[in-house]
Structure formats: C-alpha cells, structure tokens
Amino acid sequence: MNVNKVVRQHLEMEQFFSGFTPKGKDRASEPQEQEDNMAVAEKTVELEKIAEQVRQCRKCDLGSLRTNAVPGEGNSNARIMFVGEAPGADEDAQGRPFVGRAGQLLNKIIEACGLKRSDVFIGNILKCRPPENRDPRAEEIISCLPFLQRQIEIIDPEIIVALGAHAAKTLLNTTKSIGQLRGQFHEYYAGIGRPPTKLMATYHTAYLLRNYSPENRRRVWEDMKKVLAELGLPVPQ
Ligand code: URA
C-alpha cells in the first residue's frame, strides 16, 4: 500500500471539503511579503487547533492506550522542523515530544547548531505512543499523518529534518534505507499547488544513543551542518 498517497488523497479531500487552502511560499522572491502565508499569530492559533484535535483523536487504537497525546511543540514560524517517529514513555507521560534521553540528545544537537529548542518545531509521525515502543503500523500512520501534514503546511518550514527511518521513509514515500537517504537533501511534497520543502534525513537520536560511535556522531553532525549552510546560518566547526 502506498501510505503517503492514501494520506495525501485523504488530506486533499479534507481540504477540499473544509475550504482549508494551503498557501504557496516564495520567501526568496518576495522578502517584503515573506508572511504571505499566515501571520505568525494565526499560525499559532491554527497549530493549537490541530493540537486539540490530536488530543481528542480516537482514530486508531493508540488513542485509548495513551496517557497523553503528543501533538508536537515549538516555534510556529520555525525555519527548521524536526520530525521523529512516535512518542516514547517519557513523552507519553508529559504530552511533549522528545523529552526523554533521545530528546536530551536532540537538545544538544540543536544547541550545537547555535539554536534554541524554541527556535524550531518538533513533531512526530505518530502522535500517540505505540505499546512497548513498537514500530508504527501502516493504519496508524494513515490515521495520524494528516495532523503532521497540516502542521507542516501551517509552519511552512524551510527545511524538515527527518529523524530516523520511519520519519524519512514516510515523508518521502520511499522504501530506501536511512543509510541511503541521510546526508542529502530530498523534497517533501506538501500537495497540489505547493512547492516542495527541502528535507534532510539523518539518524534518529535514539539510534545514535544505541550506536554512539564517533562515525555516527560525525554523520549526524555533517547532516546538520548542511542544514545550517542551506539556511545561511553560521556553521560551527
Ligand atoms: N522518539 C521519537 O521519535 N519521538 C519522540 O517524541 C521521542 C522519542
């Protein structure tokens, strides 16, 4: 099954019937009107509406198993959006993304980039914790992905950083391995009428913790340096 296609069709139908029209972006050619998409305050309001829908969601079985849904958090106007796989135990307990060990490592990476956590937005493919942290199932992704797709449309980041195989494969609609995908920019297609968003795939911080070799750390750092360079931000050496 082509999960992304199914979700995309679902979302486009939903947008068609709800009147929600994603706006195009052209930050480079219209600097004076860089917010020709939504004003930041409006983005924040729209993101909170999605967060509330996530908290109410019972579209799949995970909804009845969670302690807290984890809609995602961060800067409504972020230039970088990190996307992980699914909440773990700590995230489920707190209702916030990446707050456990993997999250602490992500915080360090963000800080090493010269950024603050509040500069970026952090979300996940699934908004509820799968039992025993098992892999997300196709039907769970189909139910949940529209939330993330709408968050991406609203935030309209310049770069998405997909953390790990599940995020990268889902957003790029590919079966390639994270080893093949990482280290280069790909294009995330947000739907009809919208230009693609650049996507960098890299290792998930949980993988990095389990395989904390100098080589893997260097790879993630190289990937993040490419992101900073692409955004015209200072690249620490
Ligand atoms: N791992 C994820 O993929 N997401 C989180 O929010 C935490 C850990």
Side-chain angles (χ1 to χ4, degrees), residues 3-4 7 47 50-51 53-55 57 60 62-63 65-76 78 80-111 113 115-138 140-152 155 157 159-172 174 177-179 181-182 188 199-212 216-217 219-220 223-224 227:
V3 170
N4 220 28
V7 172
L47 288 172
I50 295 172
Q53 287 167 11
V54 168
R55 290 183 204 107
C57 179
C60 78
L62 299 182
L65 299 174
R66 70 185 174 219
T67 309
N68 287 293
V70 182
E73 67 180 23
N75 192 319
S76 315
I80 306 177
M81 186 162 172
F82 288 90
V83 178
E85 174 181 330
D90 294 305
E91 291 76 22
D92 176 69
Q94 295 187 40
R96 298 182 56 212
F98 281 91
V99 289
R101 282 188 68 223
Q104 283 160 20
L105 182 54
L106 180 60
N107 290 348
K108 281 190 189 159
I109 291 170
I110 292 168
E111 282 162 23
C113 288
L115 300 169
K116 298 189 290 294
R117 198 171 148 117
S118 58
D119 291 324
V120 303
F121 192 93
I122 304 175
N124 280 303
I125 298 288
L126 293 191
K127 308 300 193 189
C128 296
R129 182 190 181 204
E132 314 301 328
N133 297 344
R134 64 157 168 73
D135 286 350
R137 293 183 175 150
E140 293 162 353
I141 295 175
I142 288 171
S143 298
C144 212
L145 196 54
F147 293 125
L148 179 67
Q149 290 173 322
R150 287 177 58 193
Q151 287 173 320
I152 295 172
I155 295 164
I159 297 184
I160 297 168
V161 178
L163 296 166
H166 288 283
K169 289 160 105 170
T170 301
L171 292 176
L172 296 175
T174 178
S177 70
I178 185 68
L181 294 170
R182 62 149 290 274
Y188 165 77
L199 183 150
M200 172 62 72
T202 194
Y203 291 134
H204 195 292
T205 46
Y207 170 86
L208 203 52
L209 285 171
R210 291 193 303 271
N211 303 275
Y212 207 60
N216 284 338
R217 284 153 62 184
R219 286 182 178 135
V220 172
D223 299 344
M224 288 310 302
V227 170

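One-based numbering, in listed order, for ligands and for the atoms of each.
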Quick test: of every protein heavy atom, which one is nearest to atom 4 (N) of ligand 1, and how far off is it to 0.1 Å? Asn124 OD1, 2.8 Å
Side chain, backbone, both or neither: which part of Glu85 comes within less than 4.0 Å of ligand 1 when only heavy atoms are counted?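 It is both backbone and side chain that touch ligand 1.
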Minimal non-hydrogen separation, [X] against [Y], with atom names:
X      : Y      : result
Val161 : Met224 : CG1-SD, 4.2 Å
Ala86  : Pro130 : CB-CD, 3.7 Å
Arg55  : Arg66  : O-NH2, 2.8 Å

Can you find an N or O of [X] that's nearer than 3.5 Å to an N or O of ligand 1?
X      : answer
Phe98  : yes
His204 : yes
Ala86  : yes

As a test of understanding, state which of Leu145, Ile50, Ile155 forms a side chain to side chain contact (heavy atoms under 4.5 Å, CB included) with Arg150. Ile50
How long is the span from the CG atom in Asn107 to the CZ atom in Phe98, to the nearest 0.5 Å? 10.0 Å
Ligand-side contact atoms (ligand 1) for residue partner Gly84, heavy atom cut-off under 4.0 Å: 3 (O)
